[in-house]
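The structure appears right after this line, and notes come after that.
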Amino acid sequence: MTIAPRIAIVEDDHDLLLSTQEFLAAAGYPVWGTETAEAFYRRFVVDPVDVVILDIGLPGEDGLSVAQLLQANPAIAVIILSARDAVEDRLAGLRAGADRYLVKPVNLLELAANIDAVGKRLNLTKARPQLELPQQTQRADDNKAATGDVSAYWSLSVQDWYLKSPEGGTLKLTAREFAVLHHLIRVQGQAVPKRELADEIFGARILNSGERLNVLIARLRKKGQETLGQELPIKTVHQLGYAFTAPGALGL
């Protein structure tokens, strides 16, 4: 039996908060909401959740700050829901620790599908504790030492935007290359649907985003081969999307 993830919504638009909360409750999710980060912290102490849906532009402490705090706990997933749709804003959200970044206005069925997707990741983590990683702000070298296998990991630097191979080679990344790898490495070998990845990188309103994603992946593979002298472990999953098939970790 699948247990619905417990959800908190942090949104300062009162009408949007209520409508989203009502929809999710009707869909069977245990859910509560607040309009500020401070109120969220107070409620969370007595009523913890699995998934937090965050607006960025909150009064007082903003959503990015909340996401950064929550990323220390791998048992909590964060979905940012914001009207800011620029690539730079998406990257800021991902670097702050968000699992997903959705742009307002969002179809509530799409939001529910994203909740279910991150919920599966949480269940997988609980079922396989040996795959759990330390908080993202730790260096990838600490992750390697914890597993006892120093040579197994690819490391993605979230500060300097480069990918480090197990052999120590480094590949500097553009913003979109970083966003692709960040998304793939976070889900630890799971295939990411092409549409989901394209919407994340280019935006849901962009035409031919799937074809643009294919070109981006092809160029990234070629760049990795030329710079590192080896094939990047980005595999095409037939009729689905892409997966990063080697062990990977996020570092500073």
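These numbers come from the heavy atoms of this one structure, side chains and all, not from hydrogens, waters or symmetry mates.
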*asked:* For the CZ atom of F244 and the NE2 atom of H182, what is their distance to the nearest 0.5 Å?
replied: 13.0 Å

*Is the backbone of K172 close enough, under 3.5 Å, to the side chain of K223 for a donor and an acceptor to pair up by distance?*
yes

*When clusters are formed by joining ILVMFWY residues with side-chain heavy atoms under 4.5 Å apart, either directly or through shared neighbours, do L54 and V106 land in the same one?*
no

*Mind checking whether I9 and L81 have side chains closer than 4.5 Å, heavy atoms only?*
no

*Side-chain donor or acceptor of D50 paired with backbone N/O of R6 under 3.5 Å*: yes

*Using a distance-only test with no angle check, is there a side-chain donor-acceptor pair under 3.5 angstrom linking R221 and T236?*
yes

*Mind listing the closest non-hydrogen atom pair of P5 and P30 along with its distance?*
O-CD, 3.6 Å

*Would one find more than 12 heavy atoms of other residues, nucleotides or ligands at under 6.0 Å from atom NZ of K222?*
no

*Check whether any side-chain heavy atom of H183 lies under 4.5 Å from a side-chain heavy atom of Y242, and answer yes or no.*
no

_Is there a path of hydrophobic side-chain contacts, each under 4.5 Å between heavy atoms of I/L/V/M/F/W/Y residues, joining V31 to F23?_
yes

_Straight-line distance of N114 CG to L109 CG, nearest 0.5 Å_ = 11.5 Å

*Spell out, yes or no, whether L163 and V192 are grouped together once hydrophobic residues are joined by side-chain heavy atoms under 4.5 Å, including indirect joins.*
yes

*Mind checking the OH-CG spacing from Y29 to L24? Nearest 0.5 Å is all I need.*
7.0 Å

*Under a 4.5 Å cut-off applied to non-hydrogen side-chain atoms, are L171 and L220 in contact?*
yes

*Taking the side chain as C-beta and beyond, is there a heavy-atom pair between L228 and E167 under 4.5 Å?*
no

*Same cluster for Y101 and W161 if Ile/Leu/Val/Met/Phe/Trp/Tyr side chains link at under 4.5 Å?*
no

*Under the 3.5 angstrom rule, does the side chain of D99 hit a backbone N or O of V78 as a donor-acceptor pair?*
yes

*With a 4.5 Å heavy-atom cut-off, do E177 and L216 have their side chains touching?*
yes

*Taking all heavy atoms of I185 and all of G248, pick out the closest pair and write down the distance.*
CG2-C, 3.8 Å

*asked:* Minimum heavy-atom separation for V103 and R84, please, with both atom names.
replied: CG2-O, 4.3 Å

*Criterion side chain to side chain contact (heavy atoms under 4.5 Å, CB included) on V10 and L58, from CA distance to verdict*: CA-CA 8 Å; V10 190; L58 299 171; 3.5 Å; yes

*Mind checking the OG-CD spacing from S19 to E22? Nearest 0.5 Å is all I need.*
7.0 Å

*asked:* Using the rule given for side chain to side chain contact (heavy atoms under 4.5 Å, CB included), can you reason through V215 versus E211, listing the C-alpha separation, both sets of side-chain angles and the distance that settles it, and then say yes or no?
replied: CA-CA 6 Å; V215 172; E211 290 77 5; 5.8 Å; no

*Cluster overlap L197 with V87, hydrophobic side-chain contacts below 4.5 Å*: yes

*asked:* Run the side chain to side chain contact (heavy atoms under 4.5 Å, CB included) test on L213 and V180 for me, step by step, so that the C-alpha distance in whole Å, both residues' side-chain angles and the decisive distance to 0.1 Å come before the verdict.
replied: CA-CA 9 Å; L213 176 64; V180 166; 4.2 Å; yes

_Derivation and outcome, salt bridge (charged side-chain N to carboxylate O under 4.0 Å, His left out), residues R100 and E196_ = CA-CA 10 Å; R100 302 293 172 94; E196 175 185 321; 3.3 Å; yes

*asked:* As a quick check of understanding, evaluate side chain to side chain contact (heavy atoms under 4.5 Å, CB included) for L16 and D55, giving each step before the final call.
replied: CA-CA 11 Å; L16 179 58; D55 184 23; over 6 Å; no

*Tell me, do W154 and P166 make a side-chain contact under 4.5 Å, heavy atoms counted?*
yes

*Do F44 and I76 have side-chain heavy atoms sitting under 4.5 Å apart?*
yes

*Can you measure from CG (L91) to CZ (F178) and round to the nearest 0.5 angstrom?*
7.0 Å

*For the student: nearest non-hydrogen atoms of P59 and T36, plus distance*: CG-CG2, 3.9 Å

*Taking the side chain as every heavy atom from C-beta outward, state whether E11 and K104 have any pair of such atoms under 4.5 Å apart.*
yes

_Can you give me the closest heavy-atom contact between D62 and I56, atom names plus distance?_
CB-O, 3.3 Å

*Looking only at non-hydrogen atoms, find the nearest pair between D12 and G57 and report the distance.*
OD2-O, 3.4 Å

*Quick one: pull up CD1 in I234 and CG in L181 and give me the separation to the nearest 0.5 Å.*
5.0 Å

*Who passes salt bridge (charged side-chain N to carboxylate O under 4.0 Å, His left out) against D13, sequence neighbours left out?*
none

